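As the structure is a computational prediction, the values presented were derived from the model and not from experiment.
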2 protein chains.
Amino acid sequence: MTITQLKYALAIAEHKNFTKAAEKCFVTQPTLSTQIQKLEDELDIIIFDRGKKPIEVTDLGRKIIFQARNIVNEADRIRDIVDQEKGFIGGEFRLGIIPTVMPTLLPMFLKNFIKKYPKVKLKIEELTTEEILARISDGHLDAAIAATPLESENIKERVLYYEPFVAYVPNNHRLKDKKTIDVSDLDIEDMLLLEDGHCFRDGVINLCKTFKDQMDDSFQLESGSIETLIKLSNEGMGMTLLPYLHTLDLKEKLNPNLKHFTQPSPAREVSILYHKSELKMQIIDAMHNSISGIIRGAIKFQNVEIISPLAK
Amino acid sequence: MTITQLKYALAIAEHKNFTKAAEKCFVTQPTLSTQIQKLEDELDIIIFDRGKKPIEVTDLGRKIIFQARNIVNEADRIRDIVDQEKGFIGGEFRLGIIPTVMPTLLPMFLKNFIKKYPKVKLKIEELTTEEILARISDGHLDAAIAATPLESENIKERVLYYEPFVAYVPNNHRLKDKKTIDVSDLDIEDMLLLEDGHCFRDGVINLCKTFKDQMDDSFQLESGSIETLIKLSNEGMGMTLLPYLHTLDLKEKLNPNLKHFTQPSPAREVSILYHKSELKMQIIDAMHNSISGIIRGAIKFQNVEIISPLAK
DNA sequence: TATATTTATAACTTAAATCTATAATAATGA
DNA sequence: TCATTATTATAGATTTAAGTTATAAATATA
């Protein structure tokens with residue numbers, strides 16, 4: 001049994017296809033066939049059921065694959081330990097970011113980060129919270145940025161910053177004339193929310209829950225982006241909540257519609273997530289420091305006591 | 001980097017000597033030299049300082065060796081998973097047992113166990129609790145039987161049985177005429193205890209602590225075995241406590257000196273210990289079942305409420 | 001049934017691991 | 001200090017393993 005054989009097995013388990021897995025491993029298909037056969041012979045078990053199309057992992061195979069994942073992860077970590085010791089920050093780093101954080105955070109820290117750590121090859125993907133959790137678990141992401149707490153098994157969270165919510169109140173709304181807004185003013189019935197899967201919505205719902213103690217399942221509308229949300233709001237569909245950083249990009253003429261909350265302001269907790277195995281920890285540390293530094297300048301509310309609307 | 005290379009590195013780290021490590025690995029010394037060089041070249045680090053005699057592991061090398069231990073453990077577990085699935089109970093199994101459990105427990109379950117699981121090659125060693133903890137941690141023992149709770153990091157405990165203590169009161173002792181004895185009768189000042197490192201002593205001290213709330217450091221005597229303990233006791237050195245199973249072997253004429261405790265009787269907790277990685281779990285399960293079954297017949301006090309003298 | 005897709009096998013090549021023999025190096029003792 | 005001893009490194013040959021190309025066999029698809 002070799003680490004290489006285990007990596008081949010993982011690739012096949014993932015692609016359910018020897019040919020495709022071989023490509024991903026940069027070897028030919030016969031190499032995979034023979035190596036997997038050797039592994040199966042040595043353990044005297046069948047890992048893959050080639051009878052089914054697409055190929056299926058056997059019951060026992062699944063356990064072997066799970067353990068193979070552990071072994072390969074632990075093995076990869078050797079490289080990580082060496083890098084950390086040498087102070088080397090580099091290599092490929094796959095980062096997932098949720099849609100409502102992507103457009104505001106990325107432009108702020110990206111330039112700074114790649115300048116500071118030129119040897120890191122960043123691969124950034126916009127993903128929903130659900131996708132992020134799955135891909136960190138299966139090792140396809142090295143880390144991700146999402147609203148927390150999620151408390152998902154095997155995934156660690158480290159808070160990057162707290163981003164206050166700002167209310168966007170359209171011209172015809174009942175709260176139009178208030179200068180500041182209080183959490184108790186909110187009503188789930190006249191609020192627009194982002195579509196399912198966007199954690200921002202979870203944040204808003206939890207926020208309302210906090211004060212209403214229970215919620216109604218029939219929301220009035222769901223939208224896919226902050227821009228759409230504002231437009232729908234202007235069309236008389238209700239008020240909405242925007243994460244603070246988004247409000248900095250708004251056209252000036254919309255500013256009168258923004259109502260800041262009375263302190264303590266509700267906020268969402270934004271964290272960097274990573275697998276409990278702490279692979280590539282030195283890059284995660286670097287990213288954490290980089291983002292925290294940038295955010296300190298952008299969000300001035302940092303010293304204000306903030307309630308987390310996402311707490312369970 | 002291969003699993004084989006990591007195993008070689010572990011062997012060298014352990015023996016501090018390429019030649020001896022090579023023997024243990026069943027390869028020649030040049031094989032180890034070249035494989036370790038390849039590993040060091042690939043990681044671009046030095047793991048072993050050959051300048052020192054005996055060889056020393058470098059600071060970074062220590063971290064690599066630690067991680068190598070993880071990887072090799074996880075890799076060994078693949079075999080374990082397959083065995084478990086196939087219901088195969090076999091292979092080498094190294095078991096440590098503390099001195100005060102060894103002579104009573106081993107004759108009871110050994111014959112039964114090797115008959116039931118003929119493919120397990122048991123290697124049993126008498127060791128102190130301290131040695132046991134060290135050797136489970138470094139992977140030299142698969143499991144051990146000792147008095148608990150120990151709550152040592154990385155080591156799991158599973159209770160096998162509770163063994164009541166029986167007081168041995170010599171003829172000239174102040175408690176000689178009592179039919180049964182109560183824990184409150186005990187006095188650390190006139191008690192004989194086993195030498196340091198035998199957990200039984202810890203048990204007795206904790207027992208006295210429980211009722212005296214503090215203890216005196218000047219014990220009157222320390223001895224290495226149950227037999228010596230009884231002889232010393234007869235010589236007027238004080239009373240002593242015997243684990244119940246030991247009293248079954250005593251010569252009949254000594255029976256009048258045994259005083260059972262009033263219920264709830266103090267007892268020691270005897271557990272099977274194993275590494276948290278749960279390697280060879282199916283053998284550990286088999287051994288647990290085997291011992292529990294045997295003990296149910298031997299200790300009739302099982303249904304009696306028992307206080308654990310070892311609780312912290 | 002022909003065609004395409006995918007895995008297995010065969011024969012060969014390349015690369016890796018291991019061996020024997022021996023050199024180099026460092027520690028030990030007269 | 002200079003053999004003696006113990007120990008690791010290196011060279012060259014051998015065995016074993018991994019990978020390649022070419023092709024057969026098996027399975028789905030049209």
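A search for side chain to side chain contact (heavy atoms under 4.5 Å, CB included) contacts involving B:Lys24 returns B:His15, not counting sequence neighbours. With sequence neighbours excluded, the residues forming a side chain to side chain contact (heavy atoms under 4.5 Å, CB included) with B:Thr19 are B:Asn17, B:Gln29, listed by chain and number. By the side chain to side chain donor-acceptor pair (under 3.5 Å) test, B:Lys16 pairs with no residue at all, sequence neighbours left out. Checked against side chain to side chain contact (heavy atoms under 4.5 Å, CB included), B:Thr31 has the following partners two or more places apart in sequence or in another chain: B:Tyr8, B:Val27, B:Thr28, B:Gln35. By the side chain to side chain donor-acceptor pair (under 3.5 Å) test, B:Thr104 pairs with no residue at all, sequence neighbours left out. The ring pair (Phe, Tyr, Trp, His ring centres under 6.0 Å) search around B:Phe48 returns none, not counting sequence neighbours.
Looking at every heavy atom in both residues, B:Ile136 comes nearest to B:Ala144 through CD1-CB, 3.9 Å.
Mapped onto DNA chain D by nearest heavy atom, A:Gly51 and A:Val27 fall at different nucleotides, with A:Val27 at the one closer to the 5' end.
Atom CG of A:Leu32 is separated from atom P of D:dG19 by 9 Å (rounded to the nearest Å). In this structure, the NE2 atom of A:His15 is 19 Å from the P atom of C:dT5, given to the nearest Å. Between the P atom of C:dT18 and the CD1 atom of B:Ile36 lies a distance of 11 Å, rounded to the nearest Å. Atom P of nucleotide C:dA15 and atom CD of B:Gln5 are separated by 18 Å, given to the nearest angstrom. What separates CZ of A:Phe48 from C1' of C:dA8 is a distance of 16 Å, to the nearest Å. Between A:Glu56 atom CD and C:dT7 atom C1' there is a gap of 16 Å when expressed in whole angstrom units. Between the OH atom of B:Tyr8 and the C1' atom of C:dA16 there is a distance of 12 Å, rounded to whole Å. Between B:Met1 atom CE and C:dA16 atom C1' there is a gap of 16 Å when expressed in whole angstrom units.
Remark: side-chain polar atoms of B:Asp80 are paired, donor with acceptor, to backbone N or O of B:Lys280 under 3.5 angstrom.
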Problem set entry | B/S/- contact track for nucleotides 7-17 of chain D, protein heavy atom under 4.0 Å | SBBB------S
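Contacts classified as salt bridge (Lys or Arg N to Asp or Glu O under 4.0 Å) and involving residues 110-127 of chain B (residues at least two apart or in different chains) are given here: B:Glu92-B:Lys123, B:Glu125-B:Arg135.
For DNA chain C, none of the residues of residues 61-73 of chain A falls under the heavy-atom distance limit of 4.0 Å.
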